[in-house]
Amino acid sequence: MTTALRVPEELSARVPAEQRGKGLDRDAVRLLVSRGTEVSHHGFSELPGLLRAGDLLIVNTSPTLAAAVDGRIGHARVVVHFSTRGDDGRWAVEVRDPDGRGTTRARAGGPAGTEVRLPGGVRLVLEEPLTGRSPRLWWGRVSEPGGRVPEADVPSPEADVLGLLGRHGRPIRYSYTERDQPLSAYQTVFALPAADGAGSAEMPSAARPFTARLVAALVSRGVQFAPVTLHTGVASAEAHEPPYPERFTVPETSARLINAARAGDGRVVAVGTTAVRAVESATGADGVVRAAEGWTDLVVTPERGVRVVDGLLTGLHEPEASHLLMLEAVAGRAAIDRGYDAALRGRYLWHEFGDVHLILPEEAPHTEHCSSNCR
C-alpha cells in the first residue's frame with residue numbers, strides 16, 4: 001500500500017447511507033470498480049450491470065451480535081466487547097474504557113484473575129491472553145450470580161453470554177461514528193440466525209449495501225449466490241493485528257455452486273474479506289472447494305495467494321489494515337494502490353457505513369463479445 005496514503009478524518013462514514021437524505025436506501029453508496037489498474041466510478045445500484053450471467057457471489061450469512069456490554073472493574077466503568085466463543089465455553093473478550101462520547105478507547109488487557117461485574121449479577125473473570133502476540137484479547141469465563149460457574153451443558157439464563165447480550169448488549173461502535181444505531185442497522189440482507197445463537201461481533205460490512213430489490217435484480221441478471229458463514233471477532237481498531245482464528249462453515253451446496261462456476265465461464269466474487277477467508281479455508285491445493293466447517297486460522301497474503309476467488313467486493317480499509325494483504329493477493333499491489341489513490345481523490349467514504357470497492361479481473365480484449373465458452 002502506498003506509504004503516503006492517509007485517510008482524512010472527514011472521509012469516515014459517520015451514519016448509514018439511508019440516514020443521509022430523504023428517500024435513500026442502503027444501496028445509496030458509491031462503488032469504485034478496479035479492473036487491474038483501470039478504475040471507474042459508479043453507484044452501488046449499478047452492480048447488476050457490472051456483473052454478468054454465470055458470475056457467482058459468495059456471501060456471509062453470519063448475523064451481527066449486540067456484542068458490547070457495560071461493566072465495572074472495581075469502581076471503574078468499562079465496556080466489554082465479546083468477540084468469539086471458544087469450544088470450552090469461554091469467550092475471547094476485549095475490555096475497553098468508555099471515552100465519554102458514547103464510544104471507547106483501548107485499555108491494557110488483564111491481568112489474569114481480573115473480575116468484571118456485568119449486568120444481572122454476572123461475573124466475567126479474565127483467565128489468559130488469547131495469544132502471545134497481543135494482550136488485547138483475553139479468554140474470559142462468566143459465572144452466574146453468586147459466583148458459581150454453570151455446567152457447560154446447562155447454562156443458567158443469566159450466565160449464558162448470548163442471553164446477556166440479548167438483554168444488555170448493543171452493537172460495537174467506533175469513534176468515527178456519529179451516534180448509536182439499532183442492531184438492525186448492522187444486519188445485512190443475507191444474515192440468518194444461527195441454530196446455536198452464534199454470530200459476528202462486528203458486521204460483515206461489505207454486504208451492507210445490498211437490498212432485497214438489488215438481490216432480485218442480480219438474480220434476474222443470471223448472477224448466482226453461494227452462502228457461507230464466518231463469525232467475525234473483534235477487529236483491532238488501533239493496532240490492526242492479523243485476524244484471529246474464527247468459526248466458519250462452507251455448505252456442500254455452496255461448494256458445488258462455486259466449483260461449477262469455476263468450471264464454466266463465471267467469475268467467483270467474494271462479498272467481503274470474511275467470505276474470502278471462509279471459502280479459501282475450504283479450498284484444497286487442487287483448487288477444488290469442499291464442504292467444511294470448524295475453525296480457520298488462515299491469513300490470506302500475497303505470498304499465499306488465492307485459489308478460488310476471482311474478484312472481491314469490499315469496503316475501504318485503513319492503510320495499516322491487515323485486510324489489505326488479502327486485497328493484494330486477489331488483485332496485486334499496483335491495482336490496490338491505484339484504486340485507493342482514486343478513492344482518496346474521489347472523496348469516497350471509509351468504514352462500515354461507507355462506500356465499497358469492487359475488484360474484478362482484468363478484461364481480456366473483446367471479452368464482452370466472447371461466446372459462453374471463453375474466459
What pairs with [X] under side chain to side chain donor-acceptor pair (under 3.5 Å), at least two apart in sequence or on another chain?
X      : answer
Arg20  : none
Asp25  : none
Arg179 : Gln19

key: Pair Tyr176 + His351: ring centers closer than 6.0 Å   = yes
inquiry  = Set out, in order, the CA-CA distance, both residues' side-chain angles and the distance that settles side-chain contact (heavy atoms from CB on, under 4.5 Å) for Val15 and Phe353, then state yes or no.
reply    = CA-CA 6 Å; Val15 297; Phe353 297 139; 5.7 Å; no
Under a 4.0 Å N-O cut-off, is there an ion pair linking [X] with [Y]?
X      : Y      : value
Arg105 : Asp99  : no
Arg173 : Glu352 : no
Asp27  : Arg213 : yes
Arg247 : Asp87  : yes

If you measure from [atom1] on [X] to [atom2] on [Y], what distance do you get to the nearest 0.5 Å?
X      : Y      : atom1 : atom2 : value
Leu316 : Tyr340 : CG    : OH    : 5.0 Å
Thr61  : Leu230 : OG1   : CG    : 10.0 Å
Leu358 : Glu46  : CG    : CD    : 11.5 Å

note = Between Leu130 and Ala92 the two heavy atoms that sit nearest each other are CD1-CB, 4.1 Å
key: Nearest non-hydrogen partners of Ser34 and Ala335, listed with the distance   = OG-O, 4.5 Å
message = Are Val80 and Leu165 connected into the same hydrophobic cluster when the rule is that any two of I, L, V, M, F, W, Y join if their side-chain heavy atoms are below 4.5 Å apart?
response = yes
key: Option among Leu137, Thr232, Val93 that satisfies the side-chain contact (heavy atoms from CB on, under 4.5 Å) test with Ser83   = Leu137
inquiry  = Testing Val33, Leu360, Ile58, Val271 one by one against Leu313 for a side-chain contact (heavy atoms from CB on, under 4.5 Å), which residue passes?
reply    = Val271
query = Do Arg26 and Glu18 come within less than 4.5 Å of each other through their side chains, counting heavy atoms only?
reply = yes
key: Stepwise side-chain contact (heavy atoms from CB on, under 4.5 Å) check, Phe248 with Arg277   = CA-CA 9 Å; Phe248 81 103; Arg277 195 181 200 199; over 6 Å; no
